[in-house]
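The structure under discussion appears below in the form of structure tokens.
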Amino acid sequence: MTNSTKIKTLPEFSERRKSGLTVCSADGLETVREGTGVSPGIIIGRAFVYDSREQSVPQYRIDEKDIPAEQERFLAAVRETIAQFDSIVDRAKGVFDGDPLDSLFDVYRYMLKGSRLVRGVCSRIKTSQLNAEAAIQGEVAAIADVFAEMDDVYISARIDDIRSIGSKLVRNLLASEGAEKTISLPENAVIISNDLNAADTALLNLQKISAFVTTGGSAQSHAALLARSLGLPAVVGIPDLMRIAQTGDIIIIDGSYGKVILCPTQENITLYRKYRSDFLRWKRSLKRLKSQPSVTSDQVSIQLKGNVDLPHEVDFLLQTGADGIGLMRSEYMFLNRQTLPSEDEQFEILRQIASRIEGKPITFRTFDVGGDKCPDSLHTPKTENPALGLRGIRYALTASDLLKTQFRAVLRACCFGDIRIMLPMVTSLEEVFHAKEMLHQCAEDLRAEGMALPDRLPLLGVMIETPAAALEADAIARNCDFLSIGTNDLIQYTLAVDRTDALVASLFNPLHPSILKLIKKTAEAANKAQIPVSICGEMASNHRYAAVLIGMGIRELSMPAINIPMVKERIRSLSLTETEHFVNRLLSLEIPADVVRTFNAFEEGARFY
């Protein structure tokens with residue numbers, strides 16, 4: 001297996017020894033760096049420093065008579081790129097269990113089949129008489145501008161996908177023989193890159209890779225998604241690693257805690273071999289959890305659901321034993337295209353997902369962008385402060401035709417499955433009333449048109465993402481069917497912290513007393529109204545927060561599918577009584593540092609009665 005802890009001596013390092021050079025850079029001194037762990041696991045391997053920076057792109061005008069030929073040259077590169085992505089998926093099948101990359105690369109293939117990117121490049125070649133490489137660069141930049149402004153971390157991170165696909169297309173156009181050669185890697189290679197993308201993946205031998213580390217990126221970057229798909233450790237956000245590491249250096253990667261140790265001491269190598277052995281034993285034990293119920297040790301049931309964007313993600317979600325889809329983002333239906341998705345298109349996507357989810361519930365979040373975070377097809381004006389501008393339900397109620405189309409698609413799809421509707425960025429009860437009225441009107445219209453609808457309309461829920469909504473949770477809970485707390489935005493708006501800003505990112509604290517109080521207040525409001533309440537932000541996906549959320553009264557968590565087994569195992573080790581006592585202690589504290597200390601003490605085994 002590629003995850004072997006055996007460290008092989010590479011030919012180039014034999015040469016370095018003969019030349020009197022050290023096997024590790026930095027004079028062989030151990031160097032420790034901490035980033036963000038985005039795919040769990042531990043590996044001891046050899047560094048392979050890979051510079052994935054963009055190549056220069058030629059730009060020139062073409063004659064009008066050459067436009068059809070240039071467009072065909074571009075489309076040939078599209079076909080070749082799809083074939084190369086298919087080859088990557090096939091190669092992975094021979095190395096890893098199942099089809100680990102099929103879902104990931106489905107997204108890239110989708111972007112290359114009749115998408116805005118393809119149509120836009122063909123249009124630029126024609127209207128600007130540009131060569132294909134320059135047209136790709138221009139269209140990628142235009143799409144990236146839209147993606148970069150989006151407030152949703154997952155969606156905005158897809159800018160890397162667009163750029164990497166553009167890069168691969170350009171590479172194929174420039175390659176003298178139509179394809180680049182695969183990069184030669186040593187066994188047990190730890191890829192260190194500035195930000196690995198899909199184009200780079202086509203050049204790497206996946207069979208020899210044991211881990212990934214990037215200087216930039218995020219939990220939703222291509223490197224992170226690739227690592228999680230393959231079950232390999234990954235760490236992102238170590239800016240100076242490419243400068244201090246050399247290819248061949250011994251390196252330890254701890255993807256669970258985001259730690260990287262370059263040129264480790266023998267003591268640390270021995271220690272991390274033990275950690276790795278413990279981790280692999282624990283990971284094997286997780287497989288049995290699929291059929292096990294998600295219950296605390298005193299038999300309190302906690303539903304675990306998944307976050308989904310596209311239909312093909314459902315298959316992997318079901319492999320984890322998930323209880324349904326707790327968050328289906330609808331933004332992907334609108335991106336990478338110049339026209340709005342029709343009612344029929346949205347209905348068909350929902351119908352496909354409903355047919356795959358085995359009767360489990362689907363929570364569909366209506367369109368959650370606005371202001372300058374909108375796709376070009378919506379033609380909306382830019383605003384100075386989009387995070388506080390016309391977005392979420394505010395935008396949807398203003399662009400009522402868009403929301404009506406989504407409502408109609410959901411209503412029709414309800415005949416095929418248990419689909420609920422969730423409204424994003426609500427700040428007042430009035431917004432809920434308007435949306436509810438619109439939903440009922442859409443149902444009446446569809447029935448008048450002879451459409452088959454279930455007797456009962458889908459459940460209508462509200463996302464609690466702002467302090468205003470949390471403070472009004474009692475009133476909102478009495479007038480909707482369920483609540484879902486979006487902790488990412490709730491923390492950002494409550495603490496006035498932009499977590500993408502390095503100067504204040506450390507202040508983004510899920511355990512801040514004000515955040516805990518708002519979550520508790522929302523949970524109490526839902527429980528009083530006897531409606532479900534869930535968490536669908538990043539707090540739900542971190543197993544360390546499970547005790548806090550259960551003790552608050554939360555009984556449903558929604559997260560990326562990859563996190564479900566780890567969270568389930570943690571839940572099964574807790575009792576409701578001990579989490580409630582724990583939360584009572586946390587809520588009695590006023591200083592954030594005290595909360596963190598108490599939290600860490602609980603995680604280390606302390607109990608409070």
Side-chain angles (χ1 to χ4, degrees), residues 98-99 102-111 113 115 152 154-155 158 220 225 229 290 303-337 340-369 402-403 405-424 439 442 446 451-454 456-461 463 481-482 484 532 534 536 540-541 556-564:
D99 299 331
D102 201 33
S103 294
L104 177 60
F105 278 86
D106 262 357
V107 177
Y108 307 138
R109 288 183 288 229
Y110 169 77
M111 291 179 179
K113 292 182 178 179
S115 66
D152 187 300
Y154 184 90
I155 298 297
R158 300 285 64 78
Q220 300 300 339
L225 295 174
S229 296
K290 176 184 176 181
Q303 288 200 321
L304 298 181
K305 297 181 179 180
N307 300 341
V308 164
D309 291 280
L310 297 171
H312 65 257
E313 297 175 18
V314 173
D315 296 334
F316 177 65
L317 178 64
L318 291 174
Q319 292 174 23
T320 68
D323 296 308
I325 297 174
L327 171 62
M328 179 186 168
R329 301 180 182 92
S330 62
E331 291 79 25
Y332 244 101
M333 299 180 186
F334 293 77
L335 301 177
N336 194 31
R337 57 187 297 154
L340 293 175
S342 68
E343 176 186 324
D344 287 342
E345 286 180 77
Q346 296 184 60
F347 159 74
E348 182 57 28
I349 290 173
L350 284 165
R351 190 197 63 76
Q352 287 181 30
I353 291 177
S355 68
R356 286 174 152 176
I357 200 65
E358 300 176 351
K360 297 176 180 179
I362 301 166
T363 302
F364 176 87
R365 185 179 72 185
T366 58
F367 194 54
D368 187 24
V369 295
L402 185 151
L403 185 58
T405 298
Q406 290 203 305
F407 280 168
R408 286 171 61 94
V410 172
L411 286 164
R412 290 169 58 191
C414 281
C415 292
F416 299 89
D418 180 4
I419 305 177
R420 296 100 183 263
I421 298 173
M422 185 161 65
L423 306 175
L439 178 63
C442 288
L446 285 169
M451 291 283 187
L453 297 182
R456 183 182 176 187
L457 294 185
L459 300 179
L460 183 67
M463 288 198 76
D481 298 309
F482 64 91
S484 183
S534 68
C536 66
S541 63
E556 181 180 316
L557 306 173
S558 186
M559 65 200 73
I562 194 75
N563 298 101
I564 289 177

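A quick note: this is a predicted structure, and the numbers were derived from the prediction, not measured.
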- Could you walk me through whether Met328 and Ile357 pass the side chain to side chain contact (heavy atoms under 4.5 Å, CB included) test, one step at a time? CA-CA 12 Å; Met328 179 186 168; Ile357 200 65; over 6 Å; no
- Test side chain to side chain contact (heavy atoms under 4.5 Å, CB included) on Leu318 and Glu358 and set out the steps. CA-CA 9 Å; Leu318 291 174; Glu358 300 176 351; 3.8 Å; yes
- Query: Step by step, would you call Leu304 with Met559 a side chain to side chain contact (heavy atoms under 4.5 Å, CB included)?
  - Reply: CA-CA 8 Å; Leu304 298 181; Met559 65 200 73; 3.9 Å; yes
- Just do the side chain to side chain contact (heavy atoms under 4.5 Å, CB included) check on Leu317 and Lys305 with the steps written out, would you? CA-CA 9 Å; Leu317 178 64; Lys305 297 181 179 180; over 6 Å; no
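In this structure, Val410 and Thr366 have side chains that are not in contact, with every pair of non-hydrogen atoms separated by 4.5 Å or more. Residues Pro458 and Ile419 form no side-chain contact, since every pair of their non-hydrogen atoms from C-beta on lies 4.5 Å or further apart. Residues Leu327 and Thr363 form no side-chain contact, since every pair of their non-hydrogen atoms from C-beta on lies 4.5 Å or further apart. Looking at heavy atoms from C-beta onward, Leu557 lies out of side-chain contact with Ile564 at the 4.5 angstrom threshold. Side-chain contact between Arg412 and Leu446 is present, with at least one heavy-atom pair separated by less than 4.5 Å. Residues Thr405 and Gln346 have side chains in contact (heavy-atom distance under 4.5 Å, counting atoms from C-beta outward). In this structure, the side chains of Ile325 and Val314 come closer than 4.5 Å at one or more pairs of heavy atoms. Proximity of Phe482 to Met422: side-chain heavy atoms (C-beta onward) are separated by under 4.5 Å at one or more points.
If you take CZ on Arg351 and CZ on Arg356, they are separated by 10.0 Å, rounding to the nearest 0.5 Å. One distance of note links CG of Leu411 with CD1 of Ile421; it measures 5.5 Å at 0.5 Å rounding. A distance of 8.5 Å separates CD of Glu348 from CZ of Phe416, quoted to the nearest 0.5 Å. To the nearest 0.5 Å, atom CG of residue Asn307 and atom CG of residue Asn563 are 9.0 Å apart.
Closest heavy-atom contact between Cys536 and Ser484: SG-OG, 3.4 Å. In plain terms, the two heavy atoms of Phe407 and Cys442 that are nearest each other are CB-SG, 4.0 Å. In terms of heavy atoms, Ser541 sits closest to Pro560 at CB-CD, 3.8 Å. For the pair Pro454 and Cys414, the tightest heavy-atom approach, listed with the atom from each and the gap, is CG-CB, 3.7 Å.
Checked by atom type and distance alone, the side chain of Gln406 pairs as donor or acceptor with a backbone atom of Phe367 at under 3.5 Å. At least one donor-acceptor pair closer than 3.5 Å links the side chain of Ser330 to the backbone N or O of Arg365. Although no hydrogens or angles enter the test, the distance criterion places a donor-acceptor pair under 3.5 Å between the side chain of Lys360 and the main chain of Ala322.
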